[in-house]
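To start, the structure itself, in structure tokens.
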Amino acid sequence: MILVTGGAGYIGSHTCIELHNAGHDFVVFDNFSNSSSESLNRVAKIIGKEIKLVEGDIRDSAALQQVFDNYDIESVIHFAGLKAVGESVEMPLEYYDNNIVGTLHLCEVMKKNNCKKIVFSSSATVYGDPHTTPIKEDFPLSATNPYGKSKLFIEEILRDLYISDNEWKIVLLRYFNPVGAHKSGLIGEDPNGIPNNLMPFIAQTAVGKREHLSVFGNDYDTHDGTGVRDYIHVIDLSMGHVKAIEKINSVEKVLTVNLGTGKGYSVLDMVQAFEKASGKEIPYKITPRRSGDIAKCFADPSYAKAVLNWEATRDVNEMCEDSWRWQVNNPNGYKND
Ligand code: NAD
Ligand code: UFG
């Protein structure tokens, strides 16, 4: 049985489906601080099976222990964490507590129960402002905000854990920019309030919830001056987790893998692709750069192919079509249910 922390969230809910499709049994542990149980109801509908769920906080060791008492947990996919960069600058203590202290508790409970296999959600943010692209796993690491630092610290903690006990099997997955949604249109990204990320903002603009998109800067050193990112379909990303968990027994040392497509698209490329997918115009205005943003970020995905036999197959058109289907069917996310 696989324990999926944060399994009710955006990436976790999609991963639950792919785990099921690949024949794996799982239990979700989530405190719903940034999600709702409705996402799991929808997952249950999609897979035609009830979801095993324990509601709790990863900082609560007793609640985590309950999961280990009630289920035979062999490995953990650890998504649970807070993820908003701007909010992390405002609330560093909450971010360090939730993400780092939470992970410490999780690892302690795992160790106590002799469960030593973990796949961790890291992020391309740990590369800071890369000196060149595409980004390889051995590039220098840095972070400028508490969210990014929490990912860096957790990576370090997990590396130290391995050094202390080589029985640990650890996979660090560094995601690039997850977008898109499940084909059913039943689950997708449901940000609280005004979205910080590009894709949900574009989707909400297309559906008429936002007047226009602000394009943060058009004077970057990129093909059209706007920021370039490696957008990856959440289903491809989820399948990367399935590959990682299936590979984990043969992992030696700590396996660190980029999950991206290797292709970079600008903000205006994404606007165009979304207009095509939705048939809606996306009004936009060029505004000053957002502080902390970098010009270009995209992965070298060749190591993922070599070690996990995984590669992304879904293109930007499919990402936009699937995001649009989710958005148009659920203009208020999960909130109307
Ligand atoms: P999300 O917020 O949708 O999902 C995270 C889930 O964890 C939520 O369901 C939330 O309720 C739960 N959670 C948070 N703190 C918890 C706690 N203390 N105890 C129990 N549950 C808790 O985010 P997501 O986009 O699905 O991201 C999943 C993971 O991937 C996060 O760790 C995030 O930092 C990482 N990541 C996300 C992105 C991205 O752009 N979405 C990029 C790189 C890395
Ligand atoms: N952008 C806009 N307008 C918006 C929102 C974004 O122009 O309203 C631009 C940004 O300037 C950037 C691009 O769109 O050029 C993508 O921005 P996002 O906020 O969607 O994503 P980021 O690359 O800034 O960051 C995301 C996650 C981080 C994660 C990082 C790498 O938010 O948590 O990807 O995985 F660390």
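For ligands, and for the atoms within them, numbers begin at 1 and follow the listed sequence. What you see is a predicted model; the values in this text were computed from it and never measured.
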#### Entry: Atom indices of ligand 1 within 4.0 angstrom of S33 heavy atoms, with elements
10 (C), 11 (O), 13 (N), 14 (C), 15 (N)
### Task
Just need the protein heavy atom nearest to atom 4 (O) of ligand 1, so name the residue and atom and give the distance.
G9 CA, 3.4 Å
### Query
Heavy-atom contacts under 4.0 Å between E189 and ligand 1: side chain, backbone, both, or neither?
neither
### Query
Who's the nearest protein heavy-atom neighbour of atom 3 (O) of ligand 1, and how far?
Y10 N, 2.8 Å
## Note on the structure
Near A8 (heavy-atom distance under 4.0 Å), the atoms of ligand 1 are 9 (O)
### Task
Report, in ascending order of atom number, the atoms of ligand 1 lying under 4.0 Å from any heavy atom of F32.
11 (O)
#### Entry: Nitrogen or oxygen of I11 less than 3.5 angstrom from that of ligand 1
yes
### Summary
Honestly, for N196 the part within reach of ligand 2 (heavy atoms, under 4.0 Å) is backbone
### Task
Scan side-chain atoms only and decide if N34 and N192 contain a donor-acceptor pair under the 3.5 Å cut-off.
yes
### Query
Quick one: do the D69 and Q66 side chains pair a donor with an acceptor below 3.5 Å?
no
### Task
Within a distance under 4.0 Å of any heavy atom of V215, pick out the atoms of ligand 2 and give their elements.
7 (O)
### Those atoms of ligand 1 less than 4.0 Å from some heavy atom in Y147
33 (C), 34 (O), 35 (C), 36 (N), 43 (C), 44 (C)
### Message
Considering non-hydrogen atoms of the protein only, which is the closest contact for atom 22 (C) of ligand 1, and what is the distance?
### Response
N31 OD1, 3.0 Å
### Query
Taking non-hydrogen atoms only, is R290 closer than 4.0 angstrom to ligand 2 via side chain, backbone, both or neither?
side chain
### Task
Specify the protein heavy atom at minimum distance from atom 24 (P) of ligand 1: its residue, its atom name, and the distance to 0.1 Å.
K83 NZ, 3.8 Å
#### Entry: Contact (N/O only, under 3.5 Å) between F201 and ligand 2
no
#### Entry: Contact check: V267 vs ligand 2, nitrogen or oxygen atoms, below 3.5 angstrom
no
### Message
Would F79 count as being in polar contact with ligand 1, using the rule that some N or O on each side must be under 3.5 angstrom apart?
### Response
yes
### Mode of P195 contact toward ligand 2 - side chain, backbone, both, neither (heavy atoms, under 4.0 Å)
neither
Throw together a table of side-chain donor-acceptor distances under 3.5 angstrom for residues 176-186, partners on residues two or more places apart or in other chains.
from	atom 1	to	atom 2	distance (Å)
H182	ND1	S184	N	3.1
H182	ND1	S184	OG	2.7
K183	NZ	E318	OE2	3.1
K183	NZ	D322	OD1	2.9
K183	NZ	D322	OD2	2.7
S184	OG	L186	N	3.1

#### Entry: Modelled atom types, side-chain donor and acceptor of D269 and Y231, under 3.5 Å
no
### Message
Nearest non-hydrogen contact with atom 5 (C) of ligand 1 belongs to which option: S37, G81, G7?
### Response
G81
### Task
Answer with side chain, backbone, both or neither: which part of A124 has a heavy atom less than 4.0 angstrom from an atom of ligand 1?
neither
### Summary
heavy-atom search around atom 31 (C) of ligand 2 in the protein gives S123 OG, 3.6 Å
### Heavy-atom gap Y220 to ligand 2 smaller than 4.0 Å
no
### Summary
of all protein heavy atoms, closest to atom 34 (O) of ligand 2 is N177 ND2, 3.4 Å
### Query
At under 4.0 Å between heavy atoms, which part of D293 makes contact with ligand 2: side chain, backbone, both or neither?
side chain
### Shortest protein heavy-atom distance from atom 19 (N) of ligand 1, along with the residue and atom involved
I58 N, 3.0 Å
### Message
Can you name the atoms of ligand 1, numbered from 1 with element, that are less than 4.0 Å from a heavy atom of S122?
### Response
43 (C), 44 (C)
### Query
Do ligand 1 and N98 have nitrogen or oxygen atoms that lie under 3.5 Å from each other?
yes
### Task
Give the atoms of ligand 1, by number and element, whose distance to some non-hydrogen atom of G56 is under 4.0 Å.
19 (N), 20 (C)
### Query
Which residue pairs satisfy the salt bridge (Lys or Arg N to Asp or Glu O under 4.0 Å) criterion with at least one member in residues 194-209, sequence neighbours excluded?
none
### Query
Among all protein non-hydrogen atoms, which one is nearest to atom 2 (O) of ligand 1, and what is the separation to 0.1 Å?
N34 ND2, 2.7 Å
### Task
Could you tell me which atoms of ligand 1, counted from 1 in the order shown, lie closer than 4.0 angstrom to a heavy atom of S121?
29 (C), 30 (O), 32 (O), 35 (C)
